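Since the model is a prediction, treat every value here as computed from it, not as a measurement. As a basis for the values below, the full set of heavy atoms in this structure was taken, side chains included, without hydrogen atoms, waters or symmetry mates. Whatever order the structure lists them in is the order used to number ligands and atoms, beginning at 1.
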Amino acid sequence: MAKNTIKPDSTDPISSEGMAVKRLSVEGNIAVGKSTFMKLLSSFFQEWELVTEPLRKWQHVQDSAPHGGMDNLLQMMYDDPSRWSYTFQTVSCMTRFKTQIEPLSKQLLSLREPVQVFERSIYSDRYVFAKCLFELGHFNSIEWTMYQEWHSFLTREFAERVHLNGIIYLQATPEICFERLKKRARKEEKTVQLDYLQKLHEQHENWLIKKTTNVHFEHVKNIPVLILDVNEDFENNPLASQRLATKIKNFLAVL
Ligand SMILES: Nc1ncnc2c1ncn2[C@@H]1O[C@H](COP(=O)(O)OP(=O)(O)O)[C@@H](O)[C@H]1O
Ligand SMILES: Nc1nc2c(ncn2[C@H]2C[C@H](O)[C@@H](COP(=O)(O)O)O2)c(=O)[nH]1
């Protein structure tokens with residue numbers, strides 16, 4: 001098999017009902033509405049297994065840190081991105097690999113139509129954030145080389161276990177994301193500027209829509225993408241939520 005290729009879908013895990021587990025990631029800019037969208041998914045598709053981003057692990061990297069100790073890696077990364085970005089990406093990507101290679105639950109494998117949804121993925125870790133931070137100069141060239149080396153190694157080694165059948169891309173303008181970021185008012189994000197969200201937006205668009213990002217795995221290049229415009233408020237709009245749910249159902253049907 002050619003280097004960097006992952007076996008075709010035939011190796012997807014199979015449920016006890018003989019159905020292949022469909023595995024998706026929800027991608028999108030900071031504060032676009034991923035967590036809110038995952039809640040919408042849980043209300044429309046109660047049987048789906050939803051795996052949220054391990055944010056708390058990044059905010060408390062040392063279980064036994066002395067009270068007030070420096071263990072909020074997310075805060076450290078925002079306070080000094082050149083010092084902490086490589087460390088952050090190492091931790092964020094490791095936690096994402098762990099969630100993606102976790103054995104499937106008995107409950108999921110007992111379903112007729114098993115679906116697993118991850119909030120972001122090892123692929124956005126690399127092709128959105130790590131790439132963006134390197135281009136901003138917060139990764140030096142050795143760190144960028146090392147990150148790509150171990151990311152490619154682990155992705156090849158884990159192969160089917162980090163396989164995705166589809167990506168749901170929540171698309172909104174950086175300006176709207178910035179408004180939502182300020183509304184959410186997460187303490188670590190006080191210094192985040194619109195310019196950073198604009199750069200992350202471009203990374204998402206280049207990866208998922210323009211397909212200009214240099215992606216190192218054939219399978220990843222060809223993952224079907226459902227683009228959902230979430231500029232409008234779906235959080236408090238049942239009709240908008242229903243429209244999104246219908247689009248997701250139709251997307252699943254063709255995967
Ligand atoms: N479609 C939407 N319209 C208006 N506000 C939204 C929408 N989606 C999320 N929000 C709000 O924006 C903020 C960020 O949403 P969140 O789901 O935490 O984003 P993410 O998980 O992508 O970082 C939250 O305060 C949330 O209530
Ligand atoms: N530098 C990175 N930051 C990341 C990454 N994944 C998430 N994040 C940040 C962005 C937010 O401040 C916070 C949670 O993300 P939301 O989009 O859910 O708000 O964590 C990453 O890989 N690198």
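For a threshold of 3.5 Å applied to N or O pairs, the pair formed by W58 and ligand 2 contains no separation below that value. Residue-to-ligand polar distances keep F37 apart from ligand 1: every N/O pair is separated by 3.5 Å or more. At under 3.5 Å, not a single nitrogen or oxygen of R186, backbone or side chain, sits near a nitrogen or oxygen of ligand 1. Ligand 2 has no N or O atom lying under 3.5 Å from any N or O atom of S35, backbone or side chain.
With ligand atoms numbered from 1 in the order given, ligand 1 contributes 17 (O), 19 (O), 20 (P), 21 (O), 22 (O), 23 (O) to contacts under 4.0 Å with heavy atoms of K34. For ligand 2, the atoms closer than 4.0 angstrom to any heavy atom of S92 are 22 (O). Atom numbering of ligand 1 starts at 1 in the shown order; those under 4.0 Å from a heavy atom of K183 are 5 (N), 11 (C), 25 (O), 27 (O). In the vicinity of L74, heavy-atom distances shorter than 4.0 Å reach the ligand 2 atoms 9 (C), 20 (O). In summary, the atoms of ligand 2 found under 4.0 Å from a heavy atom of R120, numbered by their order in the structure, are 6 (N), 7 (C), 15 (O), 16 (P), 17 (O). In summary, the atoms of ligand 1 found under 4.0 Å from a heavy atom of S35, numbered by their order in the structure, are 17 (O), 20 (P), 21 (O).
Counting heavy atoms closer than 4.0 Å to ligand 2, residue R184 contributes side-chain atoms (C-beta onward) but none from N, CA, C or O. Neither the backbone nor the side chain of R126 has a heavy atom within less than 4.0 Å of ligand 2. If you look at L133 next to ligand 2, the close heavy atoms, those under 4.0 Å, all belong to the side chain. Using a 4.0 Å cut-off between heavy atoms, L181 makes no contact with ligand 2 at all. Residue contacts with ligand 2 for Q89 involve side-chain atoms from C-beta outward but no N, CA, C or O (heavy atoms, distance under 4.0 Å).
Within the 4.0 Å heavy-atom shell around ligand 1 one finds E119. Distances from ligand 2 to the non-hydrogen atoms of E119 include at least one value under 4.0 Å.
In terms of hydrophobic clustering, with Ile, Leu, Val, Met, Phe, Trp and Tyr side chains grouped at heavy-atom distances under 4.5 Å, Y127 and W144 are assigned to a common cluster. Cluster membership check: L55 does not share its hydrophobic cluster with M94, using side-chain heavy-atom separations under 4.5 Å among Ile, Leu, Val, Met, Phe, Trp and Tyr.
Protein heavy atom nearest atom 27 (O) of ligand 1, with residue, atom name and distance: E235 OE2, 2.8 Å. In terms of protein heavy-atom proximity, atom 18 (O) of ligand 1 is closest to R184 NH1, 3.0 Å. In this structure, the protein non-hydrogen atom closest to atom 11 (C) of ligand 2 is E189 OE2, 3.2 Å. Nearest protein heavy-atom contact of atom 8 (N) of ligand 1 is G33 CA, 3.7 Å. Of the protein's non-hydrogen atoms, R180 CB, 3.3 Å is the one closest to atom 12 (O) of ligand 1.
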key: Residue pair R180, E235: steps toward the salt bridge (Lys or Arg N to Asp or Glu O under 4.0 Å) verdict   = CA-CA 12 Å; R180 291 175 184 172; E235 197 176 18; over 6 Å; no
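A distance below 6.0 Å separates the ring centres of F97 and H151. The aromatic ring centres of H163 and F217 sit 6.0 Å or more apart.
Residue L197 is tested with T173, I176, I30, V32 for a side chain to side chain contact (heavy atoms under 4.5 Å, CB included); the sole match is I30.
C177 has its side chain out of reach of H201: every pair of non-hydrogen atoms, C-beta onward, lies at least 4.5 Å apart.
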